[in-house]
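Sequence lines set the chain letters: A, B, ... in the order given, protein chains first and strands last, and positions in each chain run from 1.
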Amino acid sequence: MIRHWCEVMGDTNPAYTGPDAIAPPTMLQVWTMGGLSGHAGRTEAFDELLGLLDEAGCTSVVATDCEQEYLRPLRPGDEVTFDAVIESVSDRKRTKLGTGYFVTTRMDVPVAGEPVGIHRFRILKYAPAPGGTGARRPRPVINRDNAGFWEGVARHRLLIQRCSGCGTPRFPWLPGCGACGSPDWDTVEAGGEGTVYSYVVVHHPPFPAFDPPYAVGLIALAEGVRIVADVVGVPCDKVRIGMPVRLEFHRYDEELQLPVFRPLDGDGRSGEPIGHGEEPG
Amino acid sequence: MRGGGPQAGAVRVGTRLPPLEIEITRTLIVAGAIASRDYQDVHHDPESARRKGSPDIFMNILTTNGLVGRYVTDHFGPNAVLRKVAVRLGAPNRPGDTMVLTGTVEEADGETVTVGVVGSNGIGRHVTGTVTLTLPGWGAG
Ligand SMILES: [Zn+2]
């Protein structure tokens, strides 16, 4: 096992070969793994906890932290045992993967009663976020004509092109002006106010990463251009032409953010923000 | 490189370890999972990974831990003794990505050295870690 480990890690440290070989200390947890057959004869506390979290819908698991202390090197022939204690279970947290609980365990690893290592481990047991088929939305095609728009989105700015020749704003981004033909332009940042100019509600066909029915709006921006974007924060059958909306940016995954529009309340404020979650850990 | 590692005087707070690039292949992810006896399907079965909300399989924490340990002992040589390795995972290591490990000496006290390690991939920070090691015989240096 040491040889296989070193081969995978690309670890050529001579301390791990030959008659006096020690095991790479970072293998500490490896010696405690149940493998395909699992561990027999353990108390049921940990399985019980995982079972409870499964029942709470948190069926997926991901490791987030590992802290190891090595008290002495392990050598071939050492027989490792371990005692595990569940140290803590967090409140339910919202993460990018979905909501779930952080579970911290501590393992004391002795050889013949002598402590050789301490292994503390944290996992996130979570309910996969909706759209949990894992499918991701299509990526935008970014080219030199529209790169500036996507750079703006990355900084949460909705940038509109404006012709330097005649001042006409245009959207989506194009290499030249439709009014006067000038190739010269600069940008203006949209203030974020708009109204629903038109919309469709998509019921069919279902695309991976989309969750029908949903509303796609053609939003007339205060700056005088229109943009196609999701209308969020309102049931799709409540979207209406003329509805005042405000711009926000929604993150769909670690690389894709898009401008979306949310209807204003009666008093002119937009509602609850979409939760973007926190990092695991 | 005989004897391995830098000389005692060369280890100061702020010293940077040369970066190490690791290609995250599907093979490395699967081999690392098996070498660590971790048969969770998200580390070898893309279909299962997708059902659990990940677009593809991803490297397990034990492999990351091993790579961080190797990165530091590669630099300090075979006489270096690892005392503590603590890692926190962020952006997953998925096939086709490259992780670049960088390290900086954060503390150097007699024989004991603490190194901060960061592994960044195309998505962000895969791992942030702290490695404590001793360098026997360096106490006077
Ligand atoms: Zn013009």
Side-chain angles (χ1 to χ4, degrees), chain A residues 1 3-16 22 24-36 38 59-73 96-98 118 120-123 126-136 253-255 279-281, chain B residues 4 20 22 27-28 30-40 42 46-56 58 60-74 77-92 122-125 128-133:
Chain A
M1 278 178 65
R3 212 166 52 237
H4 293 164
W5 172 272
C6 290
E7 187 180 25
V8 173
M9 298 306 151
D11 199 332
T12 55
N13 191 334
Y16 307 147
I22 62 165
T26 52
M27 286 184 79
L28 185 64
Q29 187 187 359
V30 178
W31 310 117
T32 73
M33 298 293 278
L36 275 178
T59 50
S60 294
V61 66
V62 65
T64 61
D65 294 78
C66 170
E67 295 165 25
Q68 301 183 331
E69 235 175 285
Y70 315 114
L71 306 176
R72 76 137 164 95
K96 278 184 184 168
L97 294 168
I118 299 163
R120 187 177 274 108
F121 200 67
R122 188 167 301 122
I123 59 170
Y126 66 98
T133 53
R136 302 203 302 171
D253 55 50
E254 68 274 0
E255 62 182 22
E279 293 274 3
Chain B
L20 174 66
I22 294 174
T27 307
L28 176 64
V30 174
I34 293 172
S36 53
R37 287 171 58 74
D38 183 347
Y39 298 99
Q40 297 235 31
V42 291
E47 209 43 59
S48 299
R50 276 192 279 277
R51 272 200 303 276
K52 289 174 180 168
S54 169
D56 205 335
F58 55 93
N60 72 345
I61 195 167
L62 292 89
T63 304
T64 301
N65 206 39
L67 291 171
V68 167
R70 171 209 152 185
Y71 174 56
V72 173
T73 52
D74 269 3
N79 296 325
V81 180
L82 289 177
R83 297 295 177 190
K84 281 185 201 172
V85 174
V87 296
R88 166 163 291 190
L89 296 193
I123 317 172
R125 273 189 182 192
T128 317
T130 307
V131 177
T132 307
L133 63 158

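One finds the CG atom of B/N60 at 8.0 Å from the CD atom of A/Q29 (value rounded to the nearest 0.5 Å). Put simply, CG on B/L67 and OG1 on A/T26 are 8.5 Å apart, with the number rounded to the nearest 0.5 Å. The distance from atom CG of A/N13 to atom CG of B/L82, rounded to the nearest 0.5 Å, is 8.5 Å. Note that CE of A/M27 is 10.0 Å distant from CZ of B/R37, once rounded to the nearest 0.5 Å.
Closest heavy-atom contact between A/C66 and B/I61: CB-CD1, 3.8 Å. For the pair B/R70 and A/D11, the tightest heavy-atom approach, listed with the atom from each and the gap, is CB-OD2, 3.5 Å. When all heavy atoms of B/L62 and A/W5 are compared, the closest pair comes out as O-CH2, 3.3 Å. For the residue pair B/F58 and A/V62, the shortest heavy atom distance occurs at CE1-CG2, 4.0 Å. Residue A/V30 comes nearest to B/A35 through the heavy atom pair CG1-O, 3.9 Å, listed as atom of the first residue, atom of the second, then distance. Between B/Q40 and A/V61, the closest heavy-atom pair is OE1-CG1, 3.6 Å.
Of the atoms belonging to B/T128, not a single heavy atom falls under 4.5 Å from chain A. Only the backbone of A/L71 comes within less than 4.5 Å of a heavy atom of chain B; no side-chain atom from C-beta onward does. In this structure, chain A has heavy atoms under 4.5 Å from both the backbone and the side chain of B/D38.
Of the listed residues B/A86, B/G69, B/G32, the one with more heavy-atom pairs under 4.5 angstrom with chain A than any other is B/A86. By number of non-hydrogen pairs under 4.5 angstrom with chain B, the leading residue of A/G34, A/G35, A/A15 is A/G35.
Counting non-hydrogen atoms of neighbouring residues, nucleotides and ligands closer than 6.0 angstrom, the CZ atom of A/R3 reaches no more than 12 such neighbours.
A side-chain donor from one of A/Q68 and B/N65 sits under 3.5 Å from a side-chain acceptor of the other.
Between B/L28 and A/V8, some side-chain heavy-atom pair lies under the 4.5 Å cut-off.
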